[in-house]
Amino acid sequence: MEKKYKVLLKMNKGGGAKKMKYVLVTGGVVSGLGKGVTASSIGVLLKACGLRVTSIKIDPYLNTDAGTMSPFEHGEVYVLDDGGEVDLDLGNYERFLDIKLTRDNNITTGKIYQAVIDRERRGDYLGKTVQVVPHITDAIQEWIERVAMIPVDGQPGPADVCVIELGGTIGDIESMPFTEALGQFSYRVGAGNFCLIHVSLVPVLSAVGEQKTKPTQHSVRGLRSLGLTPNILACRSTSTLDENVKLKISQFCHVPEESIITLYDVPNIWHLPLLLREQKAHEAILGVLNLLGVAREPNLKEWTSRAELCDMLLEPVRIAIVGKYTGVSDSYLSLLKALLHASVSLRKKLVVDWVPASDLEDETANENPDAYKAAWKLLKGADGVLVPGGFGDRGVEGKILAAKYARENRIPFLGICLGMQIAVIDFARSILGLQDANSTEFDPDTKSPCVIFMPEGSKTHFGGTMRLGSRRTYFQLMDCKSAKLYGNRGFVDERHRHRYEVNPDMVSHLEDAGLLFTGKDETGRRMQIVELPNHPYFVGVQFHPEFKSRPGNPSALFLGLIAAACGQLDSLLHAHKIPNGMAKKISLYQNGNATKFAKIPADGIYSNCNGVHA
Ligand code: GLN
């Protein structure tokens, strides 16, 4: 088997000879069945069989991308290396498969129509009437074929399998062009290259405790009527399906019993790939894709130990997240995942306390004293405080108070993006005595603008001025917590999504008073990391480290927060100790600009310690 697998890889590298295999995941009955996590887990399972996997998420809404969508309504906006603002499911794929996707891996109705209309304006359709079928449906298929070939795992050449997730529920009006296109696509790529997995629901009626198959039957009938034939059914249910229930579904839906998988409730989502393997989902998929002979038995050792470890953790670490969208945890999904990755790797049970930022404000003390008391009680009970990114002025004063509280009481603190900006505002107000210090985002007329609008492009047009995607941060000294946590690298690449930044003209005043800017961009004008050296852990970052955290490779700064919250930061930093003399050498570059960093090794790594790398 191993040998045959190598043959497949060789075919990939040579290009041309290889045919991409597609796994389409659709959903039926209701939304919220965990289709995204299921699709990611299918990817993990196939990867564990030795295949290279990429993924595409289709969102049938009209927005071009998720950038303009409220996290209230749609969950967090996930940011990619290339600056793509995409659906949070792409985060699941990146985390589960340890890949880096591109903005084109998220297809929306808006993007497809825009491409077709642009083509029409250019006259590419040669006078023809432009229609949903075939022009939109062709554009969808071309897009899928093109994007599936983009390497996403750092290896050259395209992947072996592309997992496509169709958002929404089968039968939705807005997904019709996609279902039509995918029906045509399955025919176009041919049998043996396309596998359709339909995620459905088998509810249990509490009165009789019976597993009901009718919703699944109806949804499969709907799927077939749209020209799509399911190869595998993944049924969400509280417990495993009874044999007679499976038989019934098999008969009514024309899917073999061994291709009916139950997605029963599991204690944590890392069990999902294990659950799929246990029911031999990989054999069913590989069978449909004619890959049985080339793939190996899935190796999920790391997933098994992590999933089991997560279930066993007892000792809590309490982190207060002081934010705006505290009612919807999906609004901070990557943040929660990054906290979880770090806590599990430090053998702690993560407990998140959501603190609505505005409830910490003096105004709430008058208007709603109970909410005020409750918010401060949560904040004061926390082992660590995290202030995440955000837009708009609601709750900003509460966030500033939270940073002040953490700073004065030596509570471990991590401020991300807006969280860093408000930490700087607090410092300017409390330590520099600049009472009206503020960001010009919230007070355009402030006399002490310590955070200002610093667009990379146009200074006059607001649209398209967001600093988005991967940017490099150069450490200004090695003897600081962030540089050590990042494994003593000279620089680190992280993802950004912001317009405002610390005012470079105020940096020297802030530094003189003890707030150190330990990471800057290549010009030295943009402040990327701020630290209080005499605090157990007080770190603010202009970027979003949460987007690059992985279950097996937690984000360095989250690891720092959790370790500090558990009193383990010293031992963690000790593990990252830099060689003697290096700290001195690097500190010569303090406050320097990029040219002074010319001597940094190309890979940015100063030592080979087993640190966490970005
Ligand atoms: N609103 C702030 C800015 O635009 C922070 C953005 C964020 O936290 N993502 O700079």
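Atoms within each ligand, like the ligands themselves, are counted from 1 in listed order.
- Within the 4.0 Å heavy-atom criterion, both parts of His498, backbone and side chain, lie near ligand 1.
- Using a 4.0 Å heavy-atom cutoff, Arg467 is absent from the residues neighbouring ligand 1.
- Between Arg495 and Glu94 there is a salt bridge, with a side-chain nitrogen of the basic residue lying less than 4.0 Å from a carboxylate oxygen of the acidic one.
- Heavy atoms only, all atoms of each residue included: Leu379 and Ala402 are closest at CD2-CA, 4.1 Å.
- Gly390 O, 3.3 Å is the protein heavy atom nearest to atom 5 (C) of ligand 1.
- Contacts of Met466 with ligand 1, taken as heavy-atom pairs under 4.0 Å, are absent altogether.
- Looking at atom 7 (C) of ligand 1, its nearest protein heavy atom turns out to be Cys417 SG, 2.9 Å.
- Rounding to the nearest 0.5 Å places CG of Leu378 at 5.0 Å from CG of Asp353.
- With a 4.0 Å cut-off on non-hydrogen atoms, Glu441 touches ligand 1 through its side chain and not its backbone.
- Considering backbone and side-chain atoms together, Leu418 places an N or O closer than 3.5 Å to an N or O of ligand 1.
- Between the CZ atom in Phe391 and the CD atom in Glu441 there is a gap of 7.5 Å [rounded to 0.5 Å].
- Taking every heavy atom of His544 and a limit of under 4.0 angstrom, the matching atoms of ligand 1 come to 9 (N).
- We find that Glu76 and Arg497 are not joined by a salt bridge, their nearest charged nitrogen and carboxylate oxygen being 4.0 Å or further apart.
- Nearest protein neighbour of atom 9 (N) of ligand 1, counting heavy atoms only, is Arg497 O, 2.8 Å.
- At the shortest separation from atom 4 (O) of ligand 1 among protein heavy atoms lies Arg499 N, 3.0 Å.
- Using a cutoff of 4.0 Å between basic side-chain nitrogens and carboxylate oxygens, Asp98 and Arg550 are scored as salt-bridged.
- A salt bridge links Arg146 and Asp104; the closest N-O separation between the charged side-chain nitrogens and carboxylate oxygens is under 4.0 Å.
- The CZ atom of Arg429 lies 8.0 Å from the SG atom of Cys450; values are rounded to the nearest 0.5 Å.
- Checked by distance only, ligand 1 and Tyr500 come closer than 3.5 Å through their nitrogen or oxygen atoms.
- Taking any N or O of Gln542, backbone or side chain, none lies under 3.5 Å from an N or O belonging to ligand 1.
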